[in-house]
Amino acid sequence: MVRLHDLDNAATTRLAPEVLEAVTEALRSVPGNPSSLHPSGLAARRRLEESRDLLRGMTGASEIVFTGGGTEATNLAMRGFFEGRDGGAILVGAADHPSVLRTAEALAARGHPLRIYPVDGACRPDLEAFAALLDAEVRFVSILHGNNEVGSLPPLADMVELVRTKAPRAHLHLDAVQAFAKIPLDLERIGADSMTIAAHKIHGPKGVGALALGPKRRPAPLITGGGQEAGLRSGTENVPGAIGFAVAAESWIGRQTEESGRIRELRDETERLLRERLPGLEVLGPREERLPHILSITFPGLRGEVLMHHLEGEGVLVSTGSACSQRQERKGKTGSHVLKAMGLSEARIRGALRISFGRLSTGADVEALARALPEAVEALESLRLPGDR
Amino acid sequence: MKLPVYMDYNATTPCDPRVVEAMLPYFSEKFGNAASRSHAFGWEAEEAVNRARRRVADLCGATPKEIVFTSGATESDNLALKGVAEMYREKGRHIVTCVTEHKAVLDTCKRLETRGFEVTYLGVDRKGHISLDELREAIREDTILVSLMAGNNETGVLHPVHEIAAVTKEKGVLFHCDATQAIGKMEIDVRKLGIDLLSLSGHKIYGPKGIGALYVRRRNPRVRLVAQMDGGGHERGMRSGTLFVPQIVGLGEACRILSESWRDDVEHCRTLRDRLVAAIEDRLDHVTYNGDREACLPNTANLSFSYVEGESLIMGIKDVAVSSGSACTSASLEPSYVLKAHGLNDELAHSSIRFSLGRFSTEEEVDFAVEQVVKTVKKLRDMSPLYELVQEGVDLDSIDWNTH
């Protein structure tokens with residue numbers, strides 16, 4: 001079998017060895033239900049709370065609510081805020097993740113006016129437009145802290161200040177699924193009310209995420225029942241998942257400067273090599289304010305999807321857009337909504353590829369891509385008819 | 001024999017080693033985002049998910065397309081109730097359930113009441129049974145859903161699922177069945193039984209925690225749901241969020257094992273449970289069997305020990321992991337709402353213990369538990385003035401305590 005070079009870490013990541021070990025150990029030897037009062041339950045409770053404390057410390061949150069993933073955490077923040085509340089507008093970004101956009105639309109259908117702030121050509125929120133959309137009627141604002149397709153970071157401090165001055169009663173939510181662990185994040189210092197994070201983007205297990213909460217404004221639960229997670233999320237806790245999440249976060253954040261620095265270097269080296277070998281290449285997103293692990297490129301006139309399959313044949317895995325949107329694409333809704341929001345031409349959208357790195361990425365992955373991509377582009381270019389661009 | 005002896009399988013079950021083995025490859029090399037259809041890792045993950053979906057479907061008589069994966073039975077119950085309520089709210093806003101349902105159903109009904117729905121809570125008799133006549137009368141023109149569990153988590157009492165389904169079919173309302181406890185302990189075939197929605201959980205059937213499923217009927221009638229979470233539109237739009245392949249594989253493997261050998265599990269549990277109950281009843285007086293000895297999950301026995309304080313009893317048998325009331329509410333130390341619904345007074349409800357056995361229980365463990373229980377109950381009763389009075393033939397109910 002060809003050795004696989006996984007350069008699609010923004011979609012999902014492999015479990016880090018220490019995480020695998022922790023999760024396997026928990027599956028085998030932490031069998032109890034944390035709600036049980038006997039020793040088996042108490043042991044599970046202790047391990048769950050240890051993991052929660054670690055994540056609380058690493059996010060600057062007052063409270064950590066474990067969920068079944070990032071999507072659920074975002075749904076909890078948004079739907080939980082509006083439960084039993086009439087009126088109040090929602091402000092979200094045009095390039096936000098579908099979990100935010102679709103939930104905002106569902107809430108809009110229940111009578112909460114939806115406002116959408118635009119992004120610029122580098123996928124950075126348009127501050128002026130953002131400010132213009134803010135007023136006292138806005139009760140919920142979600143900011144995507146690190147775009148999943150192009151890696152752009154928002155001018156967070158400015159945005160937070162605008163929200164606090166112009167919409168003082170608004171709940172401020174951060175979708176930090178891509179940024180968590182990769183860059184310093186502290187809910188309290190940022191001054192937001194809640195933050196979505198997910199384990200499987202940082203070499204933790206899938207099926208576990210969390211909503212980090214600030215000291216005020218608890219949402220109403222999305223899932224009701226036994227009253228676990230301080231009443232905010234019922235259902236027997238996924239103890240091995242929570243343990244794996246905390247271990248994954250610790251191994252990244254404990255060495256954040258080194259780990260993220262190394263990833264940034266791999267990303268920059270990839271960009272340098274590709275630019276050198278592919279003169280027609282365009283890099284999408286901002287140059288500076290971006291996440292260290294994402295490189296978004298496009299070949300106007302080529303099909304990103306075809307390039308992706310070419311690369312796959314060489315054992316190099318990348319992606320055309322976010323994995324979550326490919327189903328919609330097959331349903332005929334073509335093209336990434338993020339790239340569209342950036343105002344890119346149809347040709348640039350179709351030619352886009354996302355290369356994304358993780359803590360397990362190596363120089364060998366970079367070399368494999370830098371070798372295979374020019375070959376793939378050449379093969380495609382030769383097939384292209386004149387005037388096709 | 002390892003201490004403490006685990007007799008709390010209704011709270012959660014340990015992962016079957018075969019399940020852990022089946023999951024491991026998907027944690028490491030065979031990872032992938034199951035929605036990433038575009039590349040090889042994604043395909044392999046999707047194949048594993050499809051296989052697991054078929055195994056879940058096979059276990060309950062459904063087709064794979066009728067299975068929606070969730071984070072657990074609580075989410076399944078929430079999705080079934082809220083999803084149906086939202087979808088059919090123009091048709092009607094009335095739901096029928098029962099006072100002994102799991103909190104995942106009851107608290108969700110409470111939530112729906114704040115959203116303009118009306119809920120009828122059927123009562124139960126001393127054995128924990130609803131009356132089918134009452135059910136029939138409770139269903140109104142504007143009723144859209146009946147939610148009744150298959151087997152009760154605290155007492156093991158079985159609702160007559162087949163008969164309930166006949167009533168809901170006749171009345172033209174949907175039937176949701178929480179089968180979290182019953183699946184793998186009796187035959188559950190959604191077609192034969194006539195169930196429209198069914199909740200199940202991984203960690204109650206020797207699978208992993210954090211995974212469950214909801215069966216949603218696709219034909220006669222086709223049940224539709226409004227998703228309770230929005231996002232990437234996974235699970236045919238009914239439930240968004242990245243699929244968790246290892247856990248799905250784990251649930252699939254747990255279901256495969258059950259399809260193969262649930263009858264062995266049942267036989268094993270029933271033998272041990274009957275041995276436990278017979279030995280305790282033989283050696284102690286004033287033991288109340290809560291629920292119905294006949295219509296009962298084969299692994300569960302809920303017993304009350306009169307003249308004994310429940311907490312002291314649990315402390316006294318600390319080498320036996322059991323639960324008083326359901327795990328999810330046991331932290332509250334309130335007397336079990338299920339047993340109170342049976343008509344038990346607070347004292348008896350407080351002195352109740354749920355023994356629930358499983359695949360890995362042994363005869364040795366049962367005998368050990370019996371010894372512990374008998375010894376502790378006798379010791380506590382020796383210190384109880386009430387028990388002394390009873391032994392002297394005094395009818396406690398005849399005493400007017402206020403005159404003292």
Peer 1: Please look at B:S201 and chain A and tell me whether the side chain, the backbone, both or neither of the residue comes under 4.5 angstrom of a heavy atom of that chain.
Peer 2: neither
Peer 1: Please state whether the side chain, the backbone, both or neither of A:P221 comes within less than 4.5 Å of a heavy atom of chain B.
Peer 2: both
Peer 1: What part of B:A73 is in contact with chain A, defined as an atom under 4.5 angstrom from a non-hydrogen atom: side chain, backbone, both or neither?
Peer 2: neither
Peer 1: Check each atom of A:S40 against the heavy atoms of chain B and say whether the ones under 4.5 Å are side chain, backbone, both or neither.
Peer 2: side chain
Peer 1: Mind listing the closest non-hydrogen atom pair of A:P31 and B:K209 along with its distance?
Peer 2: O-NZ, 3.0 Å
Peer 1: Between A:V208 and chain B, with a heavy-atom cut-off of 4.5 Å, which part of the residue counts as in contact: side chain, backbone, both or neither?
Peer 2: neither
Peer 1: Any idea which heavy atoms bring B:S71 and A:E72 closest together, and the distance?
Peer 2: OG-OE1, 4.4 Å
Peer 1: Nearest heavy-atom pair of A:S36 and B:D8: which atoms, and what distance?
Peer 2: OG-OD2, 3.4 Å
Peer 1: Against chain A, work out which of B:G212, B:P4, B:G210, B:P14 has the most heavy-atom pairs shorter than 4.5 Å and name it.
Peer 2: B:G210
Peer 1: Hey, what do you get for CG (B:N10) to CG (A:N33), rounding to the nearest 0.5 Å?
Peer 2: 11.0 Å
Peer 1: Please state whether the side chain, the backbone, both or neither of B:V322 comes within less than 4.5 Å of a heavy atom of chain A.
Peer 2: backbone
Peer 1: Taking the six-membered ring where the residue is Trp, are the ring centres of A:H38 and B:Y6 under 6.0 Å apart?
Peer 2: yes
Peer 1: So what's closer than 4.5 Å to chain B heavy atoms on A:L27: side chain, backbone, both or neither?
Peer 2: both
Peer 1: Could you state the interatomic distance from CD (B:E21) to OG1 (A:T24), rounded to the nearest 0.5 Å?
Peer 2: 9.0 Å
Peer 1: Relative to chain B, which segment of A:E83 carries a heavy atom at a distance below 4.5 Å: side chain, backbone, both, or neither?
Peer 2: side chain
Peer 1: Sort B:K82 into side chain, backbone, both or neither according to what part of it lies under 4.5 angstrom from a heavy atom of chain A.
Peer 2: side chain
Peer 1: Over all heavy atoms of both residues, which pair between A:N238 and B:Q247 is shortest? Give the atoms and the distance, please.
Peer 2: ND2-NE2, 3.0 Å
Peer 1: Roughly how far, to the nearest 0.5 Å, is the CD atom of B:Q228 from the CD1 atom of A:I223?
Peer 2: 9.5 Å
Peer 1: Which residue out of A:G41, A:G69, A:G244, A:S234 racks up the most heavy-atom pairs below 4.5 Å with chain B?
Peer 2: A:S234
Peer 1: What part of A:R45 gets within 4.5 angstrom of chain B, counting heavy atoms only: side chain, backbone, both, or neither?
Peer 2: neither
Peer 1: Can you tell me which portion of B:N78 sits under 4.5 Å from chain A's heavy atoms? Options are side chain, backbone, both or neither.
Peer 2: side chain
Peer 1: Could you state the interatomic distance from CD (B:E75) to OG1 (A:T224), rounded to the nearest 0.5 Å?
Peer 2: 11.0 Å
Peer 1: Please flag which part of B:E86 lies under 4.5 Å from any non-hydrogen atom of chain A: side chain, backbone, both or neither.
Peer 2: side chain
Peer 1: For the residue pair B:M229 and A:L222, what are the closest heavy atoms and their distance?
Peer 2: CG-CD2, 3.9 Å
Peer 1: Pick one of side chain, backbone, both or neither for A:N75, based on which atoms fall under 4.5 Å of a heavy atom in chain B.
Peer 2: side chain
